[in-house]
Amino acid sequence: MTKPAIILVHGFWGGAAHWAKAIPELAKRGYSDLHAVEMPLTSLADDAGRLKKMIAQQRGNVLLVGHSYGGAVITQAGNEPNVVGLVYIAAFAPDAGESPGSISQENPPAAFANIAPDNDGYLWIKADKYHESFCQDLTEDEALVMAVTQKAPLGTTFGDAISKPAWKSKPSWYQISSQDRMINPENEKMMSARLNPKKVITLDASHASLASRPKEVTDLIAEAAQSVS
């Protein structure tokens with residue numbers, strides 16, 4: 001069996017380095033064709049376009065893994081023919097016509113009030129609120145690094161809607177974070193249920209489960225990769 005390439009897609013308020021703990025875990029299991037795309041976070045079209053370029057660089061099959069808003073990106077870009085599966089890690093999985101913003105407004109997350117725009121229209125998690133909002137199960141030092149290096153999205157990106165959801169035609173897997181303060185866990189349950197997923201796991205974790213629970217997250221990614229090999 002040929003292992004698929006795995007492309008890891010970050011979300012809002014972080015970059016590709018948010019996968020820093022999952023990458024070695026995947027490598028230990030023999031997954032060497034690993035990629036972590038760095039997205040501009042300027043619009044869904046820009047981000048999905050960047051991901052499609054990376055998908056096109058792969059010679060064989062591709063498994064997409066999205067965290068947070070990265071789930072919306074893999075939903076939009078995952079219709080490419082060599083994409084064989086989608087893994088959602090505490091992520092948005094919008095339906096056609098839905099956006100991360102519309103889903104969040106219907107059922108706001110606990111830390112919604114800790115997001116603030118700057119004068120240029122970018123949205124930030126308030127630095128002194130980052131730990132409690134995004135990654136309360138990480139150390140203070142880890143949270144400080146994430147807060148200082150956070151990558152803010154343009155606020156308009158929240159409202160960009162999905163056109164053709166890839167999860168309607170590709171197999172999917174989903175990890176729910178039961179202590180998520182950035183995406184309401186009830187929204188994660190709703191989105192995961194309608195995917196008709198191959199598997200759903202729930203972790204007693206923050207939004208940053210990819211960093212706080214890398215082994216369990218990697219277990220799910222590896223199971224998906226084996227399924228599509």
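No experiment lies behind these values; they were computed from the predicted model shown.
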Spatial distance of atom [atom1] ([X]) from atom [atom2] ([Y]) [nearest 0.5 Å]:
X	Y	atom1	atom2	answer
I23	L34	CD1	CG	7.0 Å
E142	E140	CD	CD	11.0 Å
D141	T139	CG	OG1	5.0 Å
I89	I221	CD1	CD1	5.0 Å
S68	M182	OG	CE	7.0 Å
E106	E186	CD	CD	13.5 Å

With a sphere of 6.0 Å drawn around [atom1] of [X], does it hold more than 12 non-hydrogen atoms of other residues, nucleotides or ligands?
X	atom1	result
K53	NZ	no
D128	CG	yes
K52	NZ	yes
K21	NZ	yes

Is there a side-chain contact between [X] and [Y] (heavy atoms, below 4.5 Å)?
X	Y	result
D47	P40	yes
R181	N114	no
Q175	S209	yes
W13	P153	yes
L123	P117	yes
H10	L41	yes

With hydrophobic residues grouped by side-chain heavy-atom distances under 4.5 Å, do [X] and [Y] end up in a single group?
X	Y	result
L26	L203	yes
V84	V87	yes
W167	L64	yes
I103	V73	yes
M146	I115	yes

Exercise: identify the closest heavy-atom pair between [X] and [Y]:
X	Y	answer
R213	A205	CG-CB, 3.9 Å
S163	A96	O-CB, 3.5 Å
I176	V200	CD1-CG1, 3.7 Å
A72	P100	CB-CG, 4.1 Å
F92	S104	CZ-OG, 3.4 Å
A93	M191	N-SD, 3.2 Å

Tell me yes or no: between the side chains of [X] and [Y], is some donor less than 3.5 Å from an acceptor?
X	Y	value
S177	Q179	no
H35	Q58	yes
D137	S206	yes

Exercise for the section: Could you check T218 against K28 for side-chain contact (heavy atoms from CB on, under 4.5 Å), going step by step and ending with a plain yes or no? Expected result: CA-CA 10 Å; T218 302; K28 287 176 190 174; over 6 Å; no

So, [X] side chain and [Y] main chain: donor-acceptor pair closer than 3.5 Å or not?
X	Y	result
K170	V83	yes
H67	H207	yes
T75	A166	no
H131	L138	yes
D160	A45	no
Q150	I125	yes
E25	K215	no
T149	V145	yes
R50	V37	no
W173	V65	no

Exercise for the section: Could you tell me whether R29 and D219 have a side-chain N and a carboxylate O separated by less than 4.0 Å? Expected result: yes

Practice task
Salt-bridge test for D95 and K168: reply yes if a basic N is under 4.0 Å from a carboxylate O, no otherwise.
Solution key: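 Here D95 pairs with K168 in a salt bridge, since their nearest N and O are under 4.0 Å apart.
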
Handout entry: Pair I201-V217, side-chain contact (heavy atoms from CB on, under 4.5 Å): steps then yes or no
Key = CA-CA 9 Å; I201 64 169; V217 166; over 6 Å; no

Practice task
Determine, stepwise, if the pair Y88 / S172 fulfils side-chain contact (heavy atoms from CB on, under 4.5 Å).
Solution key: CA-CA 8 Å; Y88 294 87; S172 63; 4.1 Å; yes

Exercise for the section: Sort out for me which residue in Y122, Y69, F12 forms a ring pair (Phe, Tyr, Trp, His ring centres under 6.0 Å) with F158. Expected result: F12

Practice task
Kindly indicate, with the supporting measurements, whether the criterion side-chain contact (heavy atoms from CB on, under 4.5 Å) is fulfilled by V9 and M39.
Solution key: CA-CA 8 Å; V9 185; M39 295 188 302; 3.6 Å; yes

